[in-house]
Structures are given as structure tokens and as C-alpha cells.
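Input: a single structure, listed below in C-alpha cells.
In this text the structure is predicted, and so the values were computed from the model without any measurement.
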Amino acid sequence: MQEFTPIKEGKVREVYDNGDSLIIVATDRISAFDVILKNKIAKKGAILTQMSKFWFDFTKDVVPNHMLSVDVKDMPEFFQNERFDGNSMMCRKLEMLPIECIVRGFITGSGWASYQKDGTVCGIRLPEGLKESEKLPEPIYTPSTKAELGLHDENISFEKSIEVLEAKFPGHGAEYAAKIKDATLALYKKCADYAYSKGIIIADTKFEFGLDENGNVVLGDEMLTPDSSRFWPLEGYEAGKGQPSFDKQFVRDWLKANPDSDYLLPEEVVTKTVNKYKEAFALLTGRDFA
């Protein structure tokens, strides 16, 4: 049997080269504040992978994506075991664009802090009088650069994203920048409307795109998971304050309250976190996570 070792390892995911495709494995690791925690969150990787699959299927008419299969039977024998079952996705190889495509439909987090200071978010002027967690009149596109592991991404203007892309793809900067902006907003609008109908507000999210062998823009990476998005329950939502979320909020809150924890979580925080991921999955897909 052929052995595989990751060609790339992020905080949460491992990427394996499978010749003409890649296999992306979402582990049960969890990170917060750019640190990998000592605990594993059981089944988290599988929930994230299956959620991305759901969204990739849901949006393939909007933008093509890189997903080929999440069935390990379609993958080499090395992956056909419990460690990889459910949390692995075989994908088309893309040349990834060096831009994180962030879209914000509600004002929160760093965007809210920036707005309070000078009425703008990532250089975009917003109407006066917005409250924390309020829905924006229209979703805004706020790209950032992709930083190396351990460094922070940097918010940039749309104009700067053209420059970054032009430097890497001479003659195509403006074209690719416009395409990924349009795709980001179209994906967000379709999915946010759907999620709202299921009881989840997608406050903001990020997408990543790459080019296929013919130079077409294709959606890659993960999609609309609680790790790449801010999900809020619609029930109890009220602008003017922070909102509870379906992601690592329990983890972040506990770490802030326990600065000497050495990034080791108590079991109850781990359980609450995975239950939140499962709840989001069930609301969005209409089926319980098995």
C-alpha cells in the first residue's frame, strides 16, 4: 500500500498530494487566537468537511468548486480507514489566488471596533448610527492578504487586491479581482438567505479561490463552516449587543477568562463546542450529524 505524508499542514487541516488531485483532511484539532489547543474536538473535522460538501453542492450553479468526492472509497487505500472517513475531501488541484475573500453582512468584531473609531470598515464608509451586530444595508467585500502560518492577515482595499493579483498574474489583476469579488458576494447572498430561512444568521465569512488548468476561477478551500464564518442563532438575535455564535465562542470566552490555562480546555467546554457545531449542521442540512 502506498504511504502518504502531508505536503502542507495548517492549524487544523492536512493536505496530501494524490497525483492529479489533492486530499484535504480536516483534523479534530482546534485553534484559537492563532494557537493550536492541546485538546481535540471529536468529530469536528468530519462535521466541517460534510458542511463544506453541503455548501459546495448547494452553490455549484453559482461558481464551480474544487470538490471531487468525500467518499474514501474513491481515494487511495491509505485513506480507507476510520482516521480519514468522513473528514477527507478529494479535490481538484488549483493555483490558489493570494487573497482571502471576506464578506460582511453584519457589523461585528474588528469591523465594529473600526466603525466606532471612524465610521469605516476596512476603508469603506458606512451609514451613521449603526448598532453593534446590526445588518448592513448591503453586504460589503473586505479582502485581505493571506499570511503565512503564525502571522496575521492584513486587510486591504479592493484596489490593493488588484495590485496584489496583478503582481502575480500580469495582465489579469483587474479581471481576477473583479471575478472573485462578484463570486464572493453572489455566494454570500444565496447562502445567507438560505441559512436565515433555517434559523442561522451568517454574519460574515471568507472564501478562497484558485485557477484551474484553463485559467477559470474556481472556489477552493473550505466553505461556510463555523471555522471560516460567524454563525449566529436567529432566535434571540437583537442588534445593539454581541451575539452568541455557533463556533469557537465557548473556547475563546473560556481562554480569555483563564489566561493561565496553557491552552488546555476542560471537558465541558469541549463538549459544548462540538454540540454547537452539530447544532449548526443539523439546522443547515436538515439532518442530524451521525
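- For Lys276 and Phe246, the positive end sits near the middle of the six-membered ring, less than 6.0 Å away and at most 45° from its axis.
- Using a 4.0 Å cut-off between charged side-chain N and carboxylate O, Arg92 and Glu213 make no salt bridge.
- A donor and an acceptor atom, one from each side chain of Glu14 and Tyr16, are located under 3.5 Å apart.
- A donor-acceptor pair shorter than 3.5 Å cannot be found between the side chains of Glu268 and Thr271.
- With no hydrogens or angles considered, no side-chain donor-acceptor pair links Asp71 and Ser69 at under 3.5 Å.
- For Tyr194, the ring-ring contact (aromatic ring centres under 6.0 Å, His included) test picks out Phe54, Trp55, Phe58, with sequence neighbours left out.
- Of the N and O atoms on the side chains of Thr225 and Asp227, not one donor lies less than 3.5 Å from an acceptor on the other residue.
- Donor-acceptor pairing under 3.5 Å is lacking for the side chains of Arg230 and Thr205.
- Proximity of Pro143 to Ile102: side-chain heavy atoms (C-beta onward) are nowhere separated by under 4.5 Å.
- Between Phe4 and Phe78, the ring-plane angle classifies as tilted under the 30° and 60° cut-offs.
- Phe281 is linked by a ring-ring contact (aromatic ring centres under 6.0 Å, His included) to Phe289, counting only residues two or more places apart in sequence or in another chain.
- The pair Lys73-Asp85 does not count as a salt bridge, with every side-chain nitrogen at least 4.0 angstrom from each carboxylate oxygen.
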